Peer 1: 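Dumping the structure here so I can ask a few things about it.
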Amino acid sequence: MPENGWPADRIDTENAHSARIYDYILGGKDYYPADKEAGDAMASEWPALPIHMKANRDWMNRAVAWLAKEAGVRQFLDIGTGIPTSPNLHEIVQSVAPESRVVYVDNDPIVLTLSQGLLASSPEGRTAYIEADFQHPEAVLDSPEFRETLDLDKPVALTVIAIVHFVLDEDDAVGIVRRLLEPLPSGSYLAMSIGTAEFAPEDVGRVAREYAARNMPMRLRTIDEADEFFEGLELVEPGIVQVHKWHPDATSGEGIRDEDIAMYGAVARKP
C-alpha cells in the first residue's frame, strides 16, 4: 500500500472506501487496512465477490472497445473512474483510435493523486480529469476540462460503471444520468453497469449490509428499475443482461454462474 504522495489531510484512512475496496478485491495496491478488512468481510459473506468484480471490470473493457470499434465513438465521458487499473479506458479506446479523447470524473482524492496514469494520452488524442461529485452534474458539465476536451457537435459515450448502486432513491440516480446525457448530441451512447440482487438475493444482501455498516448504503435494482436509465434510448443487442453475458469473449463468461454476478450491463444509443 502506498505510504507517500497522497494529500493525507484529505484522505480518510480510518474508514473503508468503495473504490479502495474494489481495488483490493481486484488485487491492486492502493488501499488501507480498513479497506482490506471490509473486503475480507464482504468476501467471507459472498465468496463470489472477486468473480463478480472482475466480471464487471471485464465488461467495461469490452463495452468501451465495442464503442470505439463498432460504434466509431471517439469521445468518452467516464463517471466514477475509480483507482487507475491498466488497461484504463483511454488505453483501450486509443489502441483502436489514437485520436480518441477521454474525460475522467471522480471525487476521491486518491484517484486525483493517482490520475497521472489517467492522463498519459496518446499524442494524437487527449485525456482530462475532473474532480467532481457525479451527483452534481453541473460541476462536470460546466467545467473547463469538459468543454475544452469534448466537442459536443460529435457523439460522446457516457460511461457510468458500477456507481449508481451507491445512489439512493432520494438522490434520483436516473435523473442524474439523464442530466449528464442531455447535452450530448444525437448518436451519443450511454454505457452502464447497475448493481442487482436478483440472482443471489441472500448473498448479495449480506454484502450490502456490510457496505451499509461502513456508511456506504446501497440501492440494488431489479431489471425493470435498471431499464428506467435507458428510457428513450436505443438499446444495443443483447439489451440489459448480466455483465458476463454482454458480448462475451473467449474467456469472459467461461465457468461463471449467473448467481456469481450481481451486475446488469447495457449500452444504448441516443437517437
Side-chain angles (χ1 to χ4, degrees), residues 55-82 84-105 117-130 134 137 140-141 143 145-163 177-194 226-227 229-241 243-253 264-271:
N56 177 73
R57 183 75 191 186
D58 290 345
W59 173 83
M60 187 277 284
N61 295 350
R62 296 196 309 278
V64 299
W66 185 92
L67 286 163
K69 292 177 183 177
E70 305 300 329
V73 177
R74 298 294 179 260
Q75 302 188 110
F76 294 79
L77 176 60
D78 184 50
I79 303 296
T81 296
T85 302
S86 188
N88 292 299
L89 189 153
H90 74 277
E91 294 172 318
I92 296 170
V93 300
Q94 289 181 349
S95 71
V96 176
E99 70 275 20
S100 297
R101 294 181 165 222
V102 178
V103 174
Y104 291 109
V105 181
L118 300 174
L119 301 177
S121 172
S122 66
E124 302 92 334
R126 183 172 177 181
T127 61
Y129 181 86
I130 302 170
F134 114 103
V140 176
L141 301 175
S143 69
E145 294 87 353
F146 174 79
R147 294 293 178 180
E148 294 170 6
T149 306
L150 303 181
D151 179 355
L152 296 184
D153 290 328
K154 299 177 181 178
V156 176
L158 171 64
T159 58
V160 185
I161 312 300
I163 186 172
V177 172
R178 287 179 180 165
R179 284 157 63 195
L180 287 165
L181 193 62
E182 190 276 330
L184 306 185
S186 174
S188 293
Y189 284 81
L190 172 64
M192 292 187 69
S193 61
I194 301 165
D227 187 59
F229 288 97
F230 301 96
E231 184 177 343
L233 305 179
E234 301 166 351
L235 282 163
V236 172
E237 290 294 334
I240 304 171
V241 295
V243 288
H244 66 300
K245 295 181 176 180
W246 195 93
H247 291 243
D249 56 23
T251 60
S252 59
Y264 286 119
V267 176
R269 183 181 181 275
K270 181 178 180 179

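If you're wondering where the values come from, they're calculated on a predicted model, not measured in any experiment.
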Peer 1: Flag the pair Phe146 / Val156 as yes when at least one side-chain heavy-atom distance between them is below 4.5 Å, and no otherwise.
Peer 2: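 In short, these two side chains do not touch, never coming nearer than 4.5 Å.
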
Peer 1: For Ser188, is there any backbone N or O sitting under 3.5 Å from a side-chain donor or acceptor partner on Arg269?
Peer 2: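 Such a contact is absent between Arg269 side chain and Ser188 backbone.
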
Peer 1: Looking only at heavy atoms, what is the nearest atom pair of Val243 and Ser193, with distance?
Peer 2: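 Heavy-atom minimum between the residues: CG1-CB, 4.2 Å.
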
Peer 1: Starting at CD1 of Ile161, measure out to OG1 of Thr159 and round the result to the nearest 0.5 Å.
Peer 2: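 Reported to 0.5 Å precision, the distance equals 5.0 Å.
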
Peer 1: Any idea which heavy atoms bring Pro155 and Gly187 closest together, and the distance?
Peer 2: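 Taking every non-hydrogen atom into account, CB-O, 3.3 Å.
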
Peer 1: Once you round to the nearest 0.5 Å, how far does CG of Leu190 lie from CZ of Phe229?
Peer 2: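 These two atoms lie 9.0 Å from each other.
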
Peer 1: Does some side-chain heavy atom of Asp227 sit less than 4.5 Å from a side-chain heavy atom of Leu235?
Peer 2: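 A side-chain contact exists here, since the closest heavy-atom pair is under 4.5 Å.
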
Peer 1: What do the steps show when you test Val103 against Thr127 for side-chain contact (heavy atoms from CB on, under 4.5 Å), and what is the final call?
Peer 2: CA-CA 6 Å; Val103 174; Thr127 61; over 6 Å; no

Peer 1: At what distance, to the nearest 0.5 angstrom, does CD of Glu91 lie from CG of Asn61?
Peer 2: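 Spacing of CD (Glu91) from CG (Asn61) equals 10.0 Å.
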
Peer 1: For residues Arg62 and Asp249, report the shortest heavy-atom separation together with the two atoms involved.
Peer 2: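 Residues Arg62 and Asp249, closest heavy atoms: CD-OD2, 3.8 Å.
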
Peer 1: Taking Ser100 for the side chain and Gln75 for the main chain, is one N or O donor matched with an acceptor at less than 3.5 Å?
Peer 2: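 Flag not set: sc Ser100 to bb Gln75 has no pair under 3.5 Å.
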
Peer 1: From Asp78 CG over to Tyr129 OH, what is the distance, rounded to the nearest 0.5 angstrom?
Peer 2: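 Rounded to the nearest 0.5 Å, the CG-OH separation comes out at 10.5 Å.
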
Peer 1: State, to 0.1 Å, how close Trp246 and Pro238 come at their nearest heavy-atom pair, and which atoms those are.
Peer 2: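 Heavy atoms only, the tightest pair is CD1-CD, 3.6 Å.
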
Peer 1: Taking side chain to side chain donor-acceptor pair (under 3.5 Å) as the criterion, tell me which of Gln94, Arg126, His90 meets it with Ser121.
Peer 2: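 The passing option is Gln94.
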
Peer 1: So do the side chains of Val140 and Leu77 get within less than 4.5 Å of each other, counting heavy atoms only?
Peer 2: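 In short, these two side chains touch, coming nearer than 4.5 Å.
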
Peer 1: Testing the basics here: between Gly80 and Ile163, what is the closest heavy-atom pair and its distance to 0.1 Å?
Peer 2: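 Looking at all heavy atoms of both residues, the closest pair is CA-CD1, 3.9 Å.
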
Peer 1: Rounded to the nearest 0.5 Å, what separation is found between the CD atom of Glu99 and the CZ atom of Arg101?
Peer 2: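 Reported to 0.5 Å precision, the distance equals 10.0 Å.
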
Peer 1: Any idea which heavy atoms bring Ile130 and Ser143 closest together, and the distance?
Peer 2: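 Where Ile130 meets Ser143 most closely, the heavy atoms are CD1-OG, 3.1 Å.
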
Peer 1: Please step through side-chain contact (heavy atoms from CB on, under 4.5 Å) for the pair Leu89 and Tyr104, ending with a clear verdict.
Peer 2: CA-CA 9 Å; Leu89 189 153; Tyr104 291 109; 3.7 Å; yes

Peer 1: Once rounded to the nearest 0.5 Å, what's the spacing between atom NZ of Lys245 and atom CH2 of Trp59?
Peer 2: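 That separation rounds to 16.0 Å.
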
Peer 1: Flag the pair Leu184 / Leu152 as yes when at least one side-chain heavy-atom distance between them is below 4.5 Å, and no otherwise.
Peer 2: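 They are in contact (side-chain heavy atoms under 4.5 Å apart), so the answer is yes.
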
Peer 1: Between Leu67 and Phe76, is a side-chain contact (heavy atoms from CB on, under 4.5 Å) present by the stated rule, with each step listed?
Peer 2: CA-CA 9 Å; Leu67 286 163; Phe76 294 79; 3.9 Å; yes

Peer 1: Can you tell if the side chain of Trp66 reaches within under 4.5 Å of the side chain of Val236, non-hydrogen atoms only?
Peer 2: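 Yes, at least one pair of side-chain atoms sits under 4.5 Å.
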
Peer 1: Are the side chain of Ser122 and the backbone of Pro98 linked by a donor-acceptor contact shorter than 3.5 Å?
Peer 2: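 Yes, because the side chain of Ser122 sits within donor-acceptor range (under 3.5 Å) of the backbone of Pro98.
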
Peer 1: Tell me whether His247 contacts the main-chain N or O of Glu237 through its side chain, where contact means a donor paired with an acceptor under 3.5 Å.
Peer 2: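 At least one qualifying donor-acceptor pair exists.
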
Peer 1: List the steps and the verdict of side-chain contact (heavy atoms from CB on, under 4.5 Å) for Lys154 and Arg74.
Peer 2: CA-CA 9 Å; Lys154 299 177 181 178; Arg74 298 294 179 260; over 6 Å; no

Peer 1: With salt bridge (Lys or Arg N to Asp or Glu O under 4.0 Å) as the rule and sequence neighbours excluded, what pairs involving residues 179-194 come up?
Peer 2: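 Salt bridge (Lys or Arg N to Asp or Glu O under 4.0 Å) check on residues 179-194 returns Glu138-Arg179.
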
